[in-house]
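Here is the structure we will look at.
All values below come from the heavy atoms of this structure, side chains included, with hydrogens, waters and symmetry mates left out. Sequence lines set the chain letters: A, B, ... in the order given, protein chains first and strands last, and positions in each chain run from 1.
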Amino acid sequence: MASLIDCPHCGKRPREEFTTLGSAVTRPSPSADSETWTDYVYLRDNPRGMHDEFWHHADGCRRWIVVSRNTFTHEFGGTRDAAGIAPMISPTEKTSQK
Amino acid sequence: MKYSALSVFLNGLRGNTAWQKMWRAPDPKPQYDVIIIGGGGHGLATAYYLAKNHGITNVAVIEKSYIGSGNVGRNTTIIRSNYLLEGNNPFYELSLKLWEGLEQDFNYNAMISQRGILNLVHNDGQRDAAMRRGNAMRLHGVDAEYFDKEAVRRFAPYLDVDQSRFPIVGGLFQPRAGTVRHDAVAWGFARGADSRGVDIIQNCEVTGLRREGGRVVGVETTRGFIGARKVAMAAAGNSSRVAEMAGLKLPIETHVLQAFVSEGIKPFIDSVITYSMGHFYISQSDKGGLVFGGDIDMYNSYAQRGNLSMVEHVAEAGKTMIPRLSRMRYLRSWGGVMDMSMDGSPIIDKTPVENLFINCGWCYGGFKATPASGWCYAHLIANDAPHPLTRQMRLDRFARGNMLDEEGSGPTPNRH
């Protein structure tokens, strides 16, 4: 994988400063039906190609960002702040939730 | 041709010119009873047991590359059945029992070596969990033994037991676990299936599933359409892509797991040892190389290669456990792509599409499961009903809330 990730706040930073959470799926409304929630929690498109995913700039600005990345070539397509798309709470990163 | 000591001797006298090819390279027939997508360990084992246990021989295994090019040739060759949960343990124990008789059964030397596996523990919590798991194993009739600190020291004197960072307080040992020559597993199952009439079609990629009236009637491939009464997927690593051809979305992410081998040295490690602070496991191949691995790279990837930071991380973990590894050199590293499922356990089931079956989600643990996976998948395909040992490995268990989560890490595929 590329060794630099272009953080929208900090610029190009070493990949080791970041941790990844997985697919940038959008949380459904609390009143959504069970099928919608099952889809959100358990099912993944898992593409071989461009994939939007949550990364956390843990050793930098500590912001969650959305990274577009090719899962086959490992090329980066672009990054943006994750504000507005609530990330799931990762088991090991409870303290870094916004 | 049956392999035996006598056949080796007689062929040696003839200058080894009379050996036959181990399997044919047939052209695909227009129609089969069963098509298996994926010529890896599980696909070949499924074909073998379909023919052997169920008498279904009009079967094709379709592989996009050559057989054994995927994860059956990319793992760290460990076999074991030291699982905790009711839904897992008897399945993996069946697998271990099949491994024990496999070489005689398929008449092929797979170099199965039951050298034992020791899972180290480093604190009270891990000790309690190991003892609980050991007791669960014994209740299922599986061998398990707890080693205290001194027993660990006697068993593996090269471990840094008293280190200040992650001192070793004990370990859970399964004597019947061990290692296998992984390539030979693919070859042995392929030869066994082929000799019973199964067609193994290599360098033929499935590009689509043809459906008529909602049911699958065959596969589109790079060598044209091939009809089938039943189609069975066994394409771990690429399961989501194959399932997508049938409009299915799976509880799976694809991740890359790296493995490593060192330069060859004299006999040093005579068992399989796993480290529980950081993820690290090591054994020594019969050729002398130390075979070891660690965690997945954590990000989704279909590339069969990993990142340097994980290479470094694995070396650090290994050095903390066995300081004298610091003198060793990496010889090779490689990556395989895993189906990481949402609860860390596999799926062997029918799909909502008629005549289409799925075998996927093996995470790190597919190799040891190869014989049992083939055995149970063949049962499912032949009888249209799940094998009793895979009743908790259903596709719909996520929607039902019946997860089979051995580690209790929740729906986070990269943490299983």
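Outside the 6.0 Å centre-distance limit, the rings of B:Tyr364 and B:His416 are not counted as a close aromatic pair.
For a residue to count as touching a neighbouring chain, one of its non-hydrogen atoms must lie under 4.5 Å from one of that chain's; by this rule A:Thr73 touches chain B with the backbone only. Only the side chain of A:Thr38 comes within contact range of chain B, judged by heavy atoms closer than 4.5 Å. Only the side chain of A:Trp55 has a heavy atom closer than 4.5 Å to any heavy atom of chain B. Using a 4.5 Å cut-off between heavy atoms, B:Asn300 touches chain A through backbone and side chain atoms alike. Proximity to chain A (any heavy atom under 4.5 Å) is restricted, for B:Met403, to the side chain, taken from C-beta onward. Residue contact with chain A, scored on non-hydrogen atoms closer than 4.5 Å, involves the backbone of B:Leu250 exclusively.
Of all non-hydrogen atoms in B:Gly294 and B:Tyr281, the two that sit nearest each other are O-OH, 3.1 Å.
The greatest number of non-hydrogen atom pairs below 4.5 Å with chain A, out of B:Ser240, B:Ala243, B:Ser341, is found for B:Ser240. Taking A:Arg15, A:His74, A:Arg48, A:Glu53 one by one and counting their heavy-atom pairs under 4.5 Å with chain B, the maximum is reached by A:Arg48.
Remark: of the listed residues A:Asp45, A:Val67, A:Thr71, A:Thr71 is the sole one forming a side-chain contact (heavy atoms from CB on, under 4.5 Å) with A:His51.
Relative orientation of the B:Phe260 and B:Phe292 rings is parallel, given thresholds of 30° and 60° on the angle between their planes.
Look at B:Arg397 and B:Asp343 and you find a salt bridge, because one of the NZ, NE, NH1 or NH2 atoms lies within 4.0 Å of a carboxylate O, short of that distance. A salt bridge between A:Asp39 and B:Lys249 is present, with a side-chain N of the basic residue lying under 4.0 Å from a carboxylate O of the acidic one.
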